[in-house]
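To start, the structure itself, in structure tokens.
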Amino acid sequence: MRIAPALALLVALAACAPAPQGAALRDAGAPISSNAGFDPARFADVWHVAATYGEEARCGPLAETWVPTGPGRYRVTGTACGPRGARAFLSEARVTGPGRITRGAEELWVLWVDADYRVAVIGTPSGRFARVLSRTPTVRPDLMEAARRVLQFNGYDPAGLQAI
């Protein structure tokens, strides 16, 4: 069974440690929107963290696997960045609205997914978290540029985005 790509992306974002309290990666005054056309079924499967902000980029390759456990629900496993480097994690996630997935205390928003669900951009309205996910460890330059533009459109500073 194939897992929905957008959902995997959201879980991947949730698995990473958020930015320190008070640190915002986006302009709080800028509008932000989740992807109303997001298809949770296409989001399932493996996602690699292709680019992210802050300390998370220092951990090296990170990935997540989103496995459906019921309608709009997933078990997410993979690696996340911790204080001592990459670490394994297991979490549960659920779709809470169009392009929105709740994992832990914060709702992750799928800001964009390309038409073939190869690349996704996930972030939070609070601006504490954002990343670019990919089905493969490397991202085509045109898709990475599109991801950067989506982040900028949603109030994030693309200059701080670091490839992993």
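All values below were derived from every heavy atom in this structure, side-chain atoms included, with hydrogens, water molecules and symmetry-related copies excluded. We count residues from 1, following the sequence as given.
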Discussion item. For V110 and V121: C-alpha separation, side-chain torsions, deciding distance, then whether side chain to side chain contact (heavy atoms under 4.5 Å, CB included) applies.
Written reply: CA-CA 6 Å; V110 177; V121 176; over 6 Å; no
Discussion item. F129 vs L108, test: side chain to side chain contact (heavy atoms under 4.5 Å, CB included). Steps then yes/no.
Written reply: CA-CA 8 Å; F129 180 86; L108 302 174; 4.0 Å; yes
Worksheet item: How far apart are the C-alpha atoms of E145 and R149, what are their side-chain angles, what is the distance that settles it, and do they pass the side chain to side chain contact (heavy atoms under 4.5 Å, CB included) test?
Response: CA-CA 6 Å; E145 179 60 24; R149 289 182 184 206; 2.9 Å; yes
Fill in: Audit row: T124, S126, side chain to side chain donor-acceptor pair (under 3.5 Å) steps and yes/no
CA-CA 5 Å; T124 59; S126 70; 3.2 Å; yes
Worksheet item: Between Y156 and D27, is a side chain to side chain contact (heavy atoms under 4.5 Å, CB included) present by the stated rule, with each step listed?
Response: CA-CA 6 Å; Y156 289 89; D27 174 1; over 6 Å; no
Worksheet item: Should T52 and Q162 be marked as a side chain to side chain donor-acceptor pair (under 3.5 Å) after you check the CA-CA gap, both sets of side-chain angles, and the distance that decides it?
Response: CA-CA 5 Å; T52 189; Q162 300 174 52; over 6 Å; no
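No donor-acceptor distance shorter than 3.5 angstrom exists from the side chain of D114 to the backbone of L143, with no hydrogens or angles considered. In this structure, the side chain of R75 does not engage the main chain of L90 through any donor-acceptor pair within 3.5 Å. For R148 (side chain) and P158 (main-chain N/O), a donor-acceptor pair under 3.5 Å exists by modelled atom type. Formation of a donor-acceptor pair under 3.5 Å by the Y53 side chain with backbone atoms of D157 is found in this model. In terms of modelled atom types and a separation under 3.5 Å, the side chain of S34 and the main chain of R100 share no donor-acceptor contact.
Note that OG1 of T96 and CD of E107 are 3.5 Å apart. Values are rounded to the nearest 0.5 Å. The CG atom of L111 sits 8.5 Å away from atom CG of N35, with the distance rounded to the nearest 0.5 Å. A distance of 10.5 Å separates OG in S134 from CZ in R140, rounded to the nearest 0.5 Å. Between the OH atom in Y117 and the CH2 atom in W47 there is a gap of 8.5 Å [rounded to 0.5 Å].
Put simply, W109 and F153 are part of two different groups of oily side chains (I, L, V, M, F, W, Y) that touch within less than 4.5 Å, one to the next.
Under the 3.5 Å distance criterion, with hydrogens and angles disregarded, a donor-acceptor pair is assigned to the side chains of S91 and R103.
Contact detail for R26 and G127: the closest heavy-atom pair is CG-CA, 3.3 Å.
Residues T79 and R87 have side chains not in contact (no heavy-atom distance under 4.5 Å, counting atoms from C-beta outward).
With sequence neighbours excluded, the residues that form a side chain to side chain donor-acceptor pair (under 3.5 Å) with E55 are R58.
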